[in-house]
Amino acid sequence: MRIGILGGGQLGLMLAEAAARMGIATRVLDPANDAPAARAAEHTCAPFEDIEALGEFARSVDLVTYEFENVPVASVEWLAERVAVAPSPAALRTAQDRLLEKEFFVRQGVRTPPFAPVGTHEEYRAALLRIGVPAVVKTRRFGYDGKGQRVVRSLKEAEAAWAELHGVPLLVEGFVAFERELSIIAVGQRDGGVRFFPLVENHHRRGILRLSIAPAPDAEELAAEAEACARAAIREFRYVGVLAVEFFQRDGHLYANEMAPRVHNSGHWTLGGAPTSQFAAHVAAIAGLPIGELEPAMPSAMVNLIGAMPDGRALREIAGTHVVDYGKSPRAGRKLGHVTIVAEDMDLLMERVDRVRRLAEAAGG
Ligand code: AMP
């Protein structure tokens with residue numbers, strides 16, 4: 001079997017490596033000639049809109065998946081007419097647009113921050129009046145890692161945000177003074193079954209994920225709520241593969257922020273922290289193979305390595321660590337690798353996490 005992956009970043013790399021361990025070959029399509037996944041997969045270097053390349057790609061694989069959320073839906077739909085595609089293009093279409101995504105959550109009865117779509121300055125002012133400040137102004141499409149969004153705390157900041165972001169469809173959202181951020185990684189199977197990794201607690205700085213802790217402490221009831229939300233998405237989209245949903249926790253309730261129809265950074269801890277990684281689970285699910293055990297034996301955490309790689313030896317000297325280097329050239333704010341940390345108990349885990357974070361921050365992340 002050969003699986004085609006649209007997008008050849010670190011997610012594609014880790015998918016390709018997981019597939020290889022299962023005896024499955026992969027081919028990635030990515031316009032960058034230095035795509036990290038090319039280390040582990042055949043690489044077709046072409047734009048996502050290149051019909052000739054897409055046709056050749058479709059003919060050369062048994063199944064297509066994607067790791068890049070902004071791959072054009074039209075290309076994915078075109079492929080779906082020629083070869084099996086998972087997850088479904090419908091899930092991708094919804095996840096690409098923050099408005100469709102939030103409307104989907106509302107239809108499922110899932111709480112979200114208040115939101116309003118905005119095109120004109122008049123609509124913008126009206127939305128801010130209704131929602132109030134602080135608010136978060138986001139581009140409806142193409143945002144990631146805090147890009148394409150501004151927190152607005154006053155009328156003056158609102159005008160500055162408008163000047164920066166206007167010209168594309170926007171969403172104004174109420175700012176949630178959350179207690180913490182959480183995410184669930186679900187796996188939809190071909191037979192409609194759904195499996196879950198434990199709920200994860202996430203810490204962001206400047207819009208970028210820095211740390212995940214699994215399982216999220218004191219979150220049993222919230223886990224059931226998060227699972228119900230992911231289950232609804234999997235049912236609605238006949239979703240096969242890994243799906244991530246991110247939430248804010250406030251006053252004991254979950255507010256859905258967004259979903260990602262792909263393997264997700266907050267699931268990287270599973271690589272070394274769970275008996276089956278999210279990458280292996282995704283490959284198994286889309287290929288129709290048994291998924292294996294997901295429940296981790298010990299608490300686990302993941303620290304992202306951002307901007308510059310710390311000394312690998314110093315990281316590995318900390319007990320319970322598993323370091324993954326994506327092989328990307330360093331750049332401020334760029335995710336270059338991550339460290340999975342496991343420990344027998346939460347106290348020891350957090351002690352090790354602190355040591356890893358100090359090394360990561362000293363290096364520039
Ligand atoms: P997003 O791109 O929507 O995942 O946002 C990136 C990060 O910005 C989130 O993980 C939060 O830390 C923060 N953020 C986004 N939306 C809101 C909101 N409505 N209220 C408070 N913080 C937010």
For this session: Take E42 and R2 through the test side-chain contact (heavy atoms from CB on, under 4.5 Å) and record every step on the way to the result.
Result: CA-CA 10 Å; E42 257 183 79; R2 184 145 73 153; 2.3 Å; yes
For the residue pair [X] and [Y], is the inter-centroid distance of their aromatic rings smaller than 6.0 Å?
X    : Y    : value
F279 : H268 : yes
F105 : F115 : no
H338 : Y326 : yes

For this session: Please check if the side chain of R153 supplies one atom and the backbone of A158 the other of a donor-acceptor pair under 3.5 Å.
Result: no
For this session: Could you tell me whether the side chain of T321 and the main chain of L315 form a donor-acceptor pair under 3.5 Å?
Result: yes
Find the distance between [atom1] ([X]) and [atom2] ([Y]) and round it off to the nearest 0.5 Å.
X    : Y    : atom1 : atom2 : value
F247 : M259 : CZ    : CE    : 11.0 Å
W162 : T120 : CH2   : OG1   : 6.0 Å
S88  : F237 : OG    : CZ    : 7.0 Å
F57  : F48  : CZ    : CZ    : 9.0 Å
M22  : I3   : CE    : CD1   : 7.5 Å

Salt bridge [X]-[Y], side-chain N to carboxylate O under 4.0 Å:
X    : Y    : answer
E173 : R98  : no
R93  : E77  : yes
R125 : E159 : yes
E225 : R111 : yes
R262 : E67  : no

Exercise. Under the side-chain hydrogen bond (donor to acceptor under 3.5 Å, both in side chains) rule, what pairs show up with a residue in residues 26-35, not counting sequence neighbours?
Worked result: R27-T44, R27-E56, R27-S60
Problem set entry | Donor + acceptor pair across side chains of H121, E123 (<3.5 Å) | no
Seminar exercise, completed: Sorted by chain and number, sequence neighbours left out, side chain to side chain contact (heavy atoms under 4.5 Å, CB included) with P36 holds for K328
Exercise. Is it true that atom CZ of R331 has more than 12 heavy atoms of other residues, nucleotides or ligands lying nearer than 6.0 Å?
Worked result: no
